[in-house]
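Right, one structure below, let's go through it.
Computed from a predicted structure; not experimentally measured. Numbered from 1 within each chain, the chains take letters A, B, ... in sequence-line order.
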Amino acid sequence: AQKVTQAQTEISVVEKEDVTLDCVYETRDTTYYLFWYKQPPSGELVFLIRRNSFDEQNEISGRYSWNFQKSTSSFNFTITASQVVDSAVYFCALGIAAETSGSRLTFGEGTQLTVNP
Amino acid sequence: NAGVTQTPKFQVLKTGQSMTLQCAQDMNHNSMYWYRQDPGMGLRLIYYSASEGTTDKGEVPNGYNVSRLNKREFSLRLESAAPSQTSVYFCASRRAPAESYEQYFGPGTRLTVT
């Protein structure tokens, strides 16, 4: 069975601080995919990034960066110089590449990030 | 393109009533999914349809039924609503068949069962 753990339920920072959201996953599959989604106060789910299990290269997109470490089964998300608009719930998710799985995603419980001005 | 659309946006039901949540996507995606979101529990998969003509149970299917009407539409039915089904429901779609493609979500339906 797959499991995703986001141990940080809530994080509060002041604008311009850097913040890291932790994600730890469990799976027995050797091929899998990791995702981050953002859910702003408006409620929709916005896709941020996908990472394949065979590609451990870190990625940076503007103020966002992701650190994938298979050795610790972690896929952490860092926001640099946070802004008020970054306030949202962030979900980490795991998908396995199995024929019978329908490529369904297993989500973590989410981390509520509040960026205060 | 509208992406993934869901109707209604809000609904209040009495215990025992039935209703159908509608979902449609215009991205020519093969796979579609229904999730529910409850506080502190993330999103949990109710049912999914890997391709037109197939449906399968997810993590929490009890009390629900689904219909993949065609490639575009995937509906979720509550036959006899219960207060435990109060939740926000999200529909999602994925391109397929490649396993790696992300899912795109609709805006959600907020359902309250009294």
Tell me, for A:Q39 versus chain B, whether the close heavy atoms (under 4.5 Å) come from the side chain, the backbone, both or neither. side chain
Are side-chain N/O atoms of B:Y64 and B:Y89 paired as donor and acceptor at under 3.5 Å? yes
Indicate whether any N or O donor in one side chain lies under 3.5 Å from an N or O acceptor in the other, for A:S87 and A:T114. no
What orientation do B:F90 and B:F105 show, parallel under 30°, tilted 30 to 60°, or perpendicular over 60°? perpendicular
Contact leader toward chain B among A:E44, A:R51, A:E109, where contacts are heavy-atom pairs under 4.5 Å: A:E109
Taking side chain as everything from C-beta outward and backbone as N, CA, C, O, which of these in A:Y37 sits under 4.5 Å from a heavy atom of chain B? Side chain, backbone, both or neither. side chain
Among side-chain atoms of B:Y33 and B:Y47, is any donor-acceptor pair under 3.5 angstrom? no
Can you tell me which of B:S51, B:P39, B:G42 forms the most heavy-atom pairs within a distance under 4.5 Å of chain A? B:G42
